[in-house]
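Just below is one structure, and these are the notes that go with it.
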There are 2 protein chains.
Amino acid sequence: MGAKKNYNDILKNRNLKVTKHRYAILESLEKSKLPVSAESLYIELKKKGISISLSTVYRSLEALYKKGIVIKSILPDYNKAVFEYNHNEHRHHMICIKCHKMQPVTGCPLEEYEKLIESKFNFTVKGHNLEVYGYCDGCESKTED
Amino acid sequence: MGAKKNYNDILKNRNLKVTKHRYAILESLEKSKLPVSAESLYIELKKKGISISLSTVYRSLEALYKKGIVIKSILPDYNKAVFEYNHNEHRHHMICIKCHKMQPVTGCPLEEYEKLIESKFNFTVKGHNLEVYGYCDGCESKTED
DNA sequence: TTTGTAATTGGGAATGATTCGCATTTGCAC
DNA sequence: GTGCAAATGCGAATCATTCCCAATTACAAA
Ligand SMILES: [Zn+2]
Ligand SMILES: [Zn+2]
Ligand SMILES: [Zn+2]
Ligand SMILES: [Zn+2]
């Protein structure tokens, strides 16, 4: 939360111009506990009285994603991308099969695994994608077909 | 490869009717080393002389996915779903950021992690999704912007 | 502060993957 | 063999995302 100035630097350091839109997007994402879709972010910004177009939201998110400032993921049952601020405290999510709720889990069990892959195959690891599926607290008792 | 009869049982056990299309899809997926998109599978089946519609390919894959017979995943940079046969030898993939090649890696580093999650949160784990990103053997020397 | 230029944006159209609707066909239990 | 629910074909519809292009803006250099 050394916020304000921070976003400017983050953007500048990655050769992205500082605009009020990007600023607002980062602010919104950083506050959000959970990953959000482009559209829901768009709606949220509108509610805050920010004038922005959906295209811009998509473009900004994509730019931020390419620079590693945000994390993008697409879930096989919820066919759209969701974005979250890349708090560098690496984290993953538990996703409920039933209600689609996502819950963050900090920490990562993959450090050794990545090293293993790098040495075993000739592959330079740059990151990974991990989500755990199952039934959340509330949906526990439900069984599927 | 106790193949032939096998698919029939797999389908029947999950309350899916046995049709030549599903049979062909499973056969194709099981042989494939790498995950394939619905469309490329469709094209492949056509080449084999099988008469099928793209809708059916989508519907069948979705049905097989819901039953756990195939695995579905969507990659954030290649915006479409890919499917692979669920060899129960659990595996994951390394995906090249540059050429999009996917390479399977058998084995899983997440058993303990899942137990941890189940006990720590009140969450019933049913599965997970893991891909490792980076540069493959051939694309090694390439840097991004 | 002013100017020049490339990056960013709006808004709407285009795209492309996936799903849907509905008439027809097929699997399979009885 | 019959009957019915499930599966299919094919085209239309949907929906997220990208693209186009003219107008605006950020910001570096003067
Ligand atoms: Zn739930
Ligand atoms: Zn991790
Ligand atoms: Zn590669
Ligand atoms: Zn695994």
Side-chain angles (χ1 to χ4, degrees), chain A residues 5 7-26 28 35-46 49-67 69-83 100 145, chain B residues 5 7-26 28 35-46 49-67 69-83 100 145:
Chain A
K5 268 284 153 309
Y7 299 139
N8 288 17
D9 294 342
I10 289 174
L11 292 170
K12 280 180 184 163
N13 290 339
R14 315 269 187 153
N15 293 312
L16 292 178
K17 290 189 175 173
V18 178
T19 70
K20 59 176 187 290
H21 295 118
R22 285 170 178 171
Y23 201 96
I25 287 173
L26 285 175
S28 212
V36 295
S37 68
E39 189 172 23
S40 61
L41 177 55
Y42 169 70
I43 291 170
E44 194 193 318
L45 293 173
K46 285 295 205 183
I50 294 166
S51 165
I52 191 173
S53 85
L54 184 56
S55 303
T56 300
V57 174
Y58 272 105
R59 272 184 300 225
S60 300
L61 287 172
E62 193 64 22
L64 295 170
Y65 163 62
K66 290 229 182 86
K67 298 296 187 174
I69 302 169
V70 308
I71 297 168
K72 174 182 183 180
S73 40
I74 312 180
L75 317 175
D77 289 308
Y78 181 64
N79 193 7
K80 60 176 112 172
V82 291
F83 301 83
H100 291 170
D145 173 32
Chain B
K5 268 285 157 296
Y7 299 139
N8 288 16
D9 294 341
I10 290 174
L11 292 170
K12 279 180 185 164
N13 290 339
R14 315 269 187 152
N15 294 311
L16 292 178
K17 289 187 175 174
V18 177
T19 70
K20 59 175 187 290
H21 295 119
R22 287 172 177 172
Y23 200 96
I25 286 172
L26 285 174
S28 211
V36 295
S37 68
E39 189 171 24
S40 62
L41 177 56
Y42 169 69
I43 291 170
E44 192 193 319
L45 293 173
K46 285 294 205 183
I50 294 166
S51 165
I52 191 173
S53 85
L54 184 55
S55 304
T56 300
V57 174
Y58 272 104
R59 273 185 296 226
S60 299
L61 287 172
E62 194 64 20
L64 295 170
Y65 163 61
K66 290 230 181 85
K67 298 296 187 175
I69 301 169
V70 308
I71 296 166
K72 173 182 184 180
S73 40
I74 312 179
L75 317 176
D77 290 307
Y78 181 64
N79 193 6
K80 61 176 113 170
V82 291
F83 301 82
H100 291 169
D145 173 32

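Chain letters run A, B, ... following the sequence lines, proteins first and then strands; every chain starts at 1.
- B:Lys17 comes within contact range of at least one nucleobase, with a heavy-atom separation under 4.0 Å.
- Considering only heavy atoms from C-beta on, B:Thr56 stays 4.5 Å or farther from B:Tyr42 through its side chain.
- The nucleotide range of DNA chain D contacted by chain B, defined by atoms under 4.0 angstrom from heavy atoms of the protein and reported 5' to 3', is D:dA5 to D:dT17.
- A side-chain contact (heavy atoms from CB on, under 4.5 Å) with A:Ile69 holds for exactly one of A:Leu61, A:Ile25, A:Leu16; it is A:Leu16.
- Close approach of DNA chain C to chain A, defined as any atom under 4.0 Å from a non-hydrogen atom of the protein, starts and stops at C:dA6 to C:dT18.
- Here A:Arg22 contributes atom CZ and A:Leu26 contributes atom CG; the two are 9.5 Å apart, rounded to the nearest 0.5 Å.
- Counting any heavy atom pair closer than 4.0 Å across all strands shown, B:Arg22 reaches sugar-phosphate atoms only and no base atom.
- Of all heavy-atom pairs between B:Ser28 and B:Glu44, the closest is OG-OE2, 2.6 Å.
- Comparing A:Asn79 and A:Ile52, the nucleotide of DNA chain C nearest to each residue sits closer to the 5' end for A:Ile52.
- The line from CZ of B:Phe83 to OG of B:Ser60 is 10.5 Å long, rounded to the nearest 0.5 Å.
- Here the side chain of A:Lys72 pairs a donor or acceptor atom with the backbone of B:Pro76 at under 3.5 angstrom.
- The OG atom of B:Ser40 sits 9.5 Å away from the CG atom of B:Leu45 when rounded to the nearest 0.5 Å.
- In this structure, the separation between CD1 on A:Ile74 and NZ on B:Lys80 is 12.5 Å, given to the nearest 0.5 Å.
- An end-to-end axis angle of 50° holds for the helix from C:dT1-D:dA30 to C:dC30-D:dG1, taken from five base pairs per end and rounded to 10°.
- The two atoms that bring B:Ala24 and B:Ile50 nearest to each other are CB-CD1, 3.5 Å, heavy atoms only.
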**Request:** Please assess A:Tyr7 against A:Val18 for the test side chain to side chain contact (heavy atoms under 4.5 Å, CB included), listing each intermediate value before the final yes or no.
**Result:** CA-CA 8 Å; A:Tyr7 299 139; A:Val18 178; over 6 Å; no
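- Residue B:Ala63 is classed as having no contact, given no heavy-atom separation below 4.0 Å to the nucleic acid.
- B:Ser60 comes within 4.0 angstrom of the backbone, heavy atoms only, and of no base.
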**Prompt:** Can A:Leu11 and A:Leu64 be said to form a side chain to side chain contact (heavy atoms under 4.5 Å, CB included), step by step?
**Reply:** CA-CA 9 Å; A:Leu11 292 170; A:Leu64 295 170; 3.8 Å; yes
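- Counting any heavy atom pair closer than 4.0 Å across all strands shown, B:Thr19 reaches sugar-phosphate atoms only and no base atom.
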